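Since the structure comes first, as structure tokens, the remarks are kept for the end.
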Amino acid sequence: MTTPTLTIRGFKIFKGLLNAAAQVDMLTELREVARAAPPFSPQTPYGKPMSVRMTSAGKYGWYSDRSGYRYVPHHPDGQAWPPIPEVVMRIWRDLVSKERGPDCCLINFYGEGARMGMHQDRDEADFGWPVLSLSLGDDGLFRIGNPTRGGKTESLWLSSGDAVVMGGEARLTYHGVDRIRFGSSPLLPKGGRINLTLRVVD
DNA sequence: AAGTAACA
DNA sequence: AACG
């Protein structure tokens, strides 16, 4: 059983969970997903697009437009989302559950200057299931807040191969990504950070 | 506000 | 300049 490197406010952080070869294998599978379901920058409900580009794999994909945040069973092009790669499922089984698989693997791509504002993951039906996050590529400054907006926060750098499990007290905690150290990792030839988030949706 | 900007 |  894998134990966390450190725990902050219930966020279990596993530094270097994926070795270099595992990161390359995962990236190869993700390229296939991106080919089948091209990444896009969703509109926020207020009309401004997110700086992060995203796509999904699995039964559902996360989606946002003027109508709000939600999970949808199809890519905006009308196609079903491609299956979640087996190498990704393996990490879920190790860190979260062997009984129940995730319904959604959201794939976020952070280019130079991309950020993710502080938010809660609350578009799922059952908050009893943790959210699993996997980082690939450039370092990202991850910020952990509180169950409500405001208050003191704690930040840490996530690097390629790190995993974070957000369950229990951390499940509804506000979090976001402030900055990318563009070009800090050799994994992606053109730079950038990829973050996978795996969730049980319904 | 899963956004952006200003300010201390 | 980085952080909150």
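Labels below follow one simple rule: chain letters A, B, ... track the order of the sequence lines, proteins then strands, and each chain is numbered from 1. Everything numeric in this text was worked out from a predicted model, so none of it was measured.
When rounded to the nearest whole Å, the span between CG of A:D178 and P of C:dA1 equals 18 Å. If you measure from atom CG of A:D65 to atom P of B:dA1, you get 17 Å, rounded to the nearest angstrom. The interatomic distance linking A:L156 (CG) with C:dG4 (C1') rounds to 15 Å, in whole Å.
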Protein-proximity profile, nucleotides 2-8 of chain B, B/S/- by nucleotide at the 4.0 Å heavy-atom cutoff, equals BSS----
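A:R9 contributes a side-chain N or O that, together with a main-chain N or O of A:G145, makes up a donor-acceptor pair within less than 3.5 Å. Counting only distance, with no hydrogens or angles, the side chain of A:S184 and the backbone of A:D139 share a donor-acceptor pair below 3.5 Å. The main-chain N or O of A:T148 is never found under 3.5 Å from a side-chain atom of A:N146 such that the two would form a donor-acceptor pair. Although no hydrogens or angles enter the test, the distance criterion places a donor-acceptor pair under 3.5 Å between the side chain of A:T55 and the main chain of A:A37.
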Reading DNA chain C 5' to 3', what string of ( ), [ ], | and . shows its pairs, if Watson-Crick and G-U wobble pairs count only when both distances fall under 3.5 Å? ...|
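The P atoms of B:dT4 and B:dA8 are separated by 23 Å, rounded to the nearest whole Å.
Between A:E86 and A:R93 there is a salt bridge, with a side-chain nitrogen of the basic residue lying less than 4.0 Å from a carboxylate oxygen of the acidic one.
Remark: A:K15 NZ to A:I13 CD1 distance equals 8.0 Å, nearest 0.5 Å.
A:Y110 carries A:R193 over the face of its six-membered ring, with the cationic atom under 6.0 Å from the centre and within 45° of the normal.
A:F11 and A:F142 have perpendicular rings, their planes meeting at more than 60° on a 0 to 90° scale where under 30° would count as parallel.
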